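Keep in mind it's a predicted model, so treat the numbers as computed, not measured. Order of the sequence lines sets the chain letters (A, B, ...), proteins ahead of strands, with each chain counted from 1.
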Protein chains: 2
Amino acid sequence: MTTRADRPRRRNQVLSREQVLDAAIELLDSGGEGALTVRAMTERLATGSGAVYHHVGTRNELLDAATETIVAAALAAKPHQTGAAPEQEIRAVALALFDAIAEHRWLATRLTLQIVRNPAGPVTVEVFERIGRQVGALGVPRASWFNATSTLVHYILGAVSQHARLDGDTAGEPSDVDREEFFNALSTTWRELDAETYPFMHAIVDQAKEHDDREQFLAGIAIVLDGLARLR
Amino acid sequence: MTTRADRPRRRNQVLSREQVLDAAIELLDSGGEGALTVRAMTERLATGSGAVYHHVGTRNELLDAATETIVAAALAAKPHQTGAAPEQEIRAVALALFDAIAEHRWLATRLTLQIVRNPAGPVTVEVFERIGRQVGALGVPRASWFNATSTLVHYILGAVSQHARLDGDTAGEPSDVDREEFFNALSTTWRELDAETYPFMHAIVDQAKEHDDREQFLAGIAIVLDGLARLR
DNA sequence: ACCTGAACACCGTTCAAGT
DNA sequence: ACCTGAACACCGTTCAAGT
């Protein structure tokens, strides 16, 4: 007789791929890429290293899978609004990525790496599809779809990473104090540059200090969208 | 008596910072970031590991210094053409970076990292200054200089990294065969996507295959420049 | 000042062995 | 199938010691 319990054939599965990924994301959120070590994973999960390799794979695959998980969630959280203007949909997707990176600062580097070196991967495909459709809806001629979408995606990624500038191996969210300190240090360095050879840096030093990240991000998108409008 | 020879106080200096950086760049060019190990450096230079730390610093500083060296050389090779149109100067700077990355594929990742997490560093400053001046010359109002320049730089970096997509830990230049193989694999993957959920990817699959990297890059810049023109 | 190189404290990954 | 954890082959970095 086979009872219901042993049907699934996997007796004591105590660890799932999802749990492994959750642990990885927690580690990354709390201490950046440097905090994601196989040993830290085994401690947090109370397992051997083989368990991690069994459920997900190498450290690199772990990083990629964590990235995919978060990007998928971020995009799913802002589903396509039927009837919305294409510009609005593009902004929604861009801001979804922007916010995801604000919450998971390690994502800035990883997202760029994924799109740059894995154009066949789910992250690239998902982002391109979401943005690309709107480029069509915007009236850009079909022959320019690829160029136009690439330009937008490149801009979004570049900007989104830039704004997560405090990323890397530091923990937690950047406090307002951190932010102010950072910009104070930055404007000091820029002001110390030779005024003759770096007139432009001197000219923008105050704008850099006062700008709002999100606002600047949207302003940049508006610039690119204006450029795309000319393709019609 | 002091002879001329011992005046510089440094007797037997057999290694220079420049030699250390040259070795690092050769290693990076031949095998990507993975090939740059301290041990490989000591073998190539026939020294102890301390010598590397003495002349440059940690592995990370080595990577940064190598990046600075190449970016500085790339920008210096295309000096500002007095009298040239600002659009042309922007294209020149962008292509200088594009070509530098084509020659040193590991630079794609590193350049992005530098600009993203080290806005006070020489690489960021140099690129911003070169591009920013032209934004002013383009007639963009002063209040938008920072935004406009950031947008351009973000686009350039994003695109330039994307086009170096075969980077990473592989060696040498990508051959035409590599390139074709790569795009065949890519279009196969894209075609395998569900046509209902990914109509856009299906629509662009041929454009992606046939596009010219450099041409697309310039087309993207033209789009952003068109957008900037609206700010006047 | 410039450099050596052993020693240290980590890594990621594999794999025989267990259940 | 799922998991353990010792063993392996690497890392980057430091630092006493040499010249």
Nearest to side-chain heavy atoms of B:Ala51, which nucleotide of C:dC11, D:dT13, C:dC3: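 In terms of side-chain proximity for B:Ala51, the closest of C:dC11, D:dT13, C:dC3 is C:dC3.
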Identify the nucleotide, in any strand shown, that forms a Watson-Crick or G-U wobble pair with C:dT14, with both distances under 3.5 Å; if there is none, say none.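 Its partner is D:dA6.
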Any strand counts, and the cut-off is 3.5 Å on both contacts for Watson-Crick or G-U wobble. Which nucleotide pairs with C:dT19?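 C:dT19 is paired with D:dA1.
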Spacing of [X] atom [atom1] relative to [N] atom [atom2], expressed in whole Å:
{"X": "B:Glu61", "N": "D:dT13", "atom1": "CD", "atom2": "P", "result": "8 Å"}
{"X": "A:Met41", "N": "C:dG12", "atom1": "CE", "atom2": "C1'", "result": "13 Å"}
{"X": "B:Tyr53", "N": "D:dT13", "atom1": "OH", "atom2": "P", "result": "4 Å"}
{"X": "A:Glu43", "N": "D:dC3", "atom1": "CD", "atom2": "C1'", "result": "18 Å"}
{"X": "B:His55", "N": "C:dA1", "atom1": "NE2", "atom2": "C1'", "result": "9 Å"}
{"X": "B:His54", "N": "C:dA1", "atom1": "NE2", "atom2": "P", "result": "8 Å"}
{"X": "A:Arg39", "N": "D:dT4", "atom1": "CZ", "atom2": "P", "result": "15 Å"}
{"X": "B:Leu63", "N": "D:dG12", "atom1": "CG", "atom2": "C1'", "result": "13 Å"}

Kindly compute the distance separating [atom1] ([X]) from [atom2] ([Y]), expressed to the nearest 0.5 Å.
{"X": "A:Thr37", "Y": "A:Arg59", "atom1": "OG1", "atom2": "CZ", "result": "8.0 Å"}
{"X": "B:Trp190", "Y": "B:Asp206", "atom1": "CH2", "atom2": "CG", "result": "11.0 Å"}
{"X": "A:Thr58", "Y": "A:Asp64", "atom1": "OG1", "atom2": "CG", "result": "8.0 Å"}

Classify B:Ala40 by what it touches in the nucleic acid, base, sugar-phosphate, or nothing, heavy-atom distance under 4.0 Å.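 Here B:Ala40 touches no strand at all.
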Determine the contact category for A:Leu36: base if any of its heavy atoms lies under 4.0 Å from a base atom, sugar-phosphate if only primed atoms, P, OP1 or OP2 are that close, otherwise nothing.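 Sugar-phosphate, backbone atoms only, no base.
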Angle between ring planes, A:His154 versus B:Tyr155, binned at 30° and 60°: parallel, tilted or perpendicular?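 Correct class here is tilted.
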Between B:Ser150 and A:Gln216, do the side chains contain a donor N or O and an acceptor N or O under 3.5 Å apart?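 Yes, a side-chain donor-acceptor pair sits under 3.5 Å.
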Is a donor-acceptor contact shorter than 3.5 angstrom present between the side chain of A:Ser49 and the base of C:dT14?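 Side chain to base: pair found, below 3.5 Å.
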